[in-house]
Peer 1: 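Before anything else, here's the structure in question.
Just so it is clear, the structure is predicted and the values come from calculations on it, not from any experiment. Order of listing sets the numbers, starting from 1, for every ligand and every atom in it. For the single chain, residues carry numbers from 1 onward in sequence order. Any value given below was found using the heavy atoms of this structure, including those in side chains, with hydrogens, waters and symmetry copies removed.
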Amino acid sequence: MTRLGLIGSGNMARALAVGWGQTVLATDSGSGRAAALVGEVGGESLGTDNAALARRAEILVLCHKPYQLDTVAAQAGGFTGLVVSVLGGVTLAQLRTAYPEASVSAVMPNTAVEVRRGVTLLAEGSDAPQEVTELFGRLGTVVTLPETALGAGSGISGVGPAYVALFAEAWVDAGVRAGLKPADAGALVLDTLAGSAELIRARGGDTLAVRRGVTSPGGTTARGLRALTDAGLASALHAAMDATRGTS
Ligand SMILES: NC(=O)c1ccc[n+]([C@@H]2O[C@H](COP(=O)([O-])OP(=O)(O)OC[C@H]3O[C@@H](n4cnc5c(N)ncnc54)[C@H](OP(=O)(O)O)[C@@H]3O)[C@@H](O)[C@H]2O)c1
């Protein structure tokens, strides 16, 4: 089994480690989260010692914050294995400068990797693309994109779990207002989201066909769709995409 070393033991590191379901080596910056993580998935915390981690890991997965790239690379100095970065906005060129002796890959997973239904974006031009695709393929789908498209892609899949959670929460509230018990509304919302995604996939992504299949002329669904449109659903999603890209 490949020895995986996680630099950083926060939300993304935990989601990855739980999804992989294998022991890991891990560090943090002093919070103790590395020890908590290996307590959950097995392996060993090396405390704050990134140099020791780099000596022992075959693949280093960078799970710290993007601005810490150079500091952490100096600590992990001279690593010659494969560095896989999940750092938002950090380019392959920056990774190659920080880790000149290593192979480097840039990926952008989402937190659904924890349940192996994640989406991981892989930057074209990454080193060892087959190895990285196999590693992240264990956690869901892997989609290779030009590096310049990672920001837009991440504006869908990276942030998506938060959007879907917000949408589900609001929908449950609407159901409760209409008289449903929260647990019933929650079950309906989750199974409707999951089933509808599968149905759209089965229709080859033809969202209009799925909408037409539910919408009788002049009926209930048509009135609900009109209300969503009038409330600005499409504009809200465009605005959210602009916000993630810093263009709003
Ligand atoms: N969350 C997401 O959905 C998501 C999605 C895609 C990509 N990402 C990327 O994942 C990275 C981490 O995000 P996150 O949400 O997991 O952040 P987070 O929960 O704040 O975790 C960051 C981790 O990095 C550790 N750290 C900081 N400096 C370090 C150092 N010098 N050596 C070792 N560990 C160090 C922190 O240590 P302490 O515990 O001691 O503070 C913490 O465990 C970011 O670069 C982000 O762009 C996140």
Side-chain angles (χ1 to χ4, degrees), residues 4-20 24-41 43-57 59-77 79 83-92 94-95 98-99 104-123 126 132 135-136 139-145 147 149-166 240-241 243-246:
L4 295 172
L6 307 183
I7 301 194
S9 301
N11 297 316
M12 184 41 74
R14 181 184 171 278
L16 291 168
V18 171
W20 279 318
V24 294
L25 301 168
T27 57
D28 58 34
S29 70
S31 66
R33 287 168 93 182
L37 179 60
V38 300
E40 192 175 353
V41 302
E44 192 179 339
S45 162
L46 299 175
T48 60
D49 194 345
N50 291 326
L53 187 78
R55 278 195 301 276
R56 292 181 49 190
I59 298 181
L60 271 190
V61 187
L62 307 185
C63 299
H64 49 76
K65 292 292 188 187
Y67 72 89
Q68 294 160 328
L69 175 67
D70 292 331
T71 312
V72 167
Q75 293 163 351
F79 181 71
V83 171
V84 181
S85 158
V86 307
L87 312 178
V90 171
T91 63
L92 286 169
Q94 289 170 309
L95 291 169
Y99 290 92
V104 299
S105 282
V107 298
M108 191 47 56
N110 67 16
T111 50
V113 292
E114 178 181 328
V115 292
R116 299 184 181 155
R117 292 294 306 271
V119 177
T120 298
L121 308 176
L122 169 63
S126 288
V132 176
L135 184 64
F136 285 81
L139 308 177
T141 54
V142 178
V143 178
T144 301
L145 290 179
E147 198 174 9
L150 282 192
S154 180
I156 296 177
S157 56
V159 297
Y163 289 11
V164 172
L166 184 70
M241 176 59 83
T244 64
R245 298 172 58 64

Peer 1: CG of Leu121 to CZ of Phe136: how many Å apart, nearest 0.5 Å?
Peer 2: 11.0 Å

Peer 1: Do side-chain atoms of Ser105 reach the backbone of Val84 as a donor and acceptor pair under 3.5 angstrom?
Peer 2: no

Peer 1: Within the 4.0 Å heavy-atom shell around Ser31, which atoms of ligand 1 are there?
Peer 2: 38 (P), 39 (O), 40 (O)

Peer 1: For the backbone of Gly140 and the side chain of Arg117, can you confirm whether one donor and one acceptor N or O come within less than 3.5 Å of each other?
Peer 2: no

Peer 1: Starting from atom 13 (O) of ligand 1, what is the nearest protein heavy atom, named by residue and atom, and what distance separates them?
Peer 2: Lys65 NZ, 3.9 Å

Peer 1: I need the atoms of ligand 1 closer than 4.0 Å to a non-hydrogen atom of Gln68, numbered in the order shown.
Peer 2: 27 (C), 28 (N)

Peer 1: Quick one: nearest non-hydrogen protein atom to atom 29 (C) of ligand 1, plus distance?
Peer 2: Ser29 CB, 3.6 Å

Peer 1: Give the residue and atom name of whichever protein heavy atom lies nearest to atom 19 (O) of ligand 1, and the separation in Å to one decimal.
Peer 2: Asn11 N, 3.0 Å

Peer 1: Can you name the atoms of ligand 1, numbered from 1 with element, that are less than 4.0 Å from a heavy atom of Thr111?
Peer 2: 3 (O)

Peer 1: Would you check if Leu16 and Val24 make a side-chain contact, meaning some heavy-atom pair closer than 4.5 Å?
Peer 2: no

Peer 1: Of all the atoms in ligand 1, which lie at a distance below 4.0 Å from a heavy atom belonging to Thr27?
Peer 2: 33 (C)

Peer 1: Carefully, step by step, assess Gln68 and Thr71 under the rule side chain to side chain donor-acceptor pair (under 3.5 Å).
Peer 2: CA-CA 5 Å; Gln68 294 160 328; Thr71 312; over 6 Å; no

Peer 1: Counting heavy atoms only, which of Gly8, Cys63, Gly47, Ala26 is nearest atom 22 (C) of ligand 1?
Peer 2: Cys63

Peer 1: Please examine the side chains of Asn11 and Arg33, heavy atoms only from C-beta on, and report whether any two atoms are closer than 4.5 Å.
Peer 2: yes

Peer 1: First locate atom NZ of Lys65, then atom CG of Leu87, and finally report the distance between them rounded to the nearest 0.5 Å.
Peer 2: 10.0 Å

Peer 1: Using a strict cut-off of 4.0 Å, indicate which atoms of ligand 1 neighbour a heavy atom of Pro66.
Peer 2: 44 (C), 45 (O), 47 (O)

Peer 1: Please confirm whether Gly88 comes within less than 3.5 Å of ligand 1 when only nitrogen or oxygen atoms on both sides are compared.
Peer 2: yes

Peer 1: Would the distance check show the side chain of Thr244 and the main-chain N or O of Met241 forming a donor-acceptor pair, the cut-off being under 3.5 Å?
Peer 2: yes

Peer 1: Who's the nearest protein heavy-atom neighbour of atom 43 (O) of ligand 1, and how far?
Peer 2: Ser9 N, 3.0 Å

Peer 1: What do we get for Val72 next to ligand 1 when only non-hydrogen atoms under 4.0 Å count, side chain, backbone, both or neither?
Peer 2: side chain

Peer 1: Atoms of ligand 1 less than 4.0 Å from Met108 heavy atoms?
Peer 2: 6 (C), 7 (C)

Peer 1: Pick whichever of His64, Arg14, Arg33, Met12 has a heavy atom sitting closest to atom 44 (C) of ligand 1.
Peer 2: His64

Peer 1: How does Leu87 reach ligand 1, by side chain, by backbone, by both or by neither, if only non-hydrogen atoms under 4.0 Å count?
Peer 2: both

Peer 1: By number and element, which atoms of ligand 1 are closer than 4.0 Å to a non-hydrogen atom of Asn50?
Peer 2: 30 (C), 31 (N), 32 (N), 33 (C)

Peer 1: Hey, looking at atom 46 (C) of ligand 1, which of Val159, Val86, Thr71 has the closest heavy atom?
Peer 2: Val86

Peer 1: Considering the options Leu6, Val83, Val132, Leu135, which one meets the side-chain contact (heavy atoms from CB on, under 4.5 Å) requirement together with Ile59?
Peer 2: Leu135

Peer 1: Under 3.5 Å, is there a donor-acceptor pair between the side chain of Gln94 and the main chain of Thr91?
Peer 2: yes

Peer 1: Mark up the atoms of ligand 1 that fall under 4.0 Å of a heavy atom belonging to Pro109, in ascending order.
Peer 2: 5 (C), 6 (C)

Peer 1: Do Asn50 and Thr27 have side-chain atoms, one donor and one acceptor, less than 3.5 Å apart?
Peer 2: yes

Peer 1: Taking side chain as C-beta onward, heavy atoms only, is Ser157 less than 4.5 Å from Met108?
Peer 2: no

Peer 1: Does Gly10 reach ligand 1 with a nitrogen or oxygen that is under 3.5 Å from one of the ligand's nitrogen or oxygen atoms?
Peer 2: yes

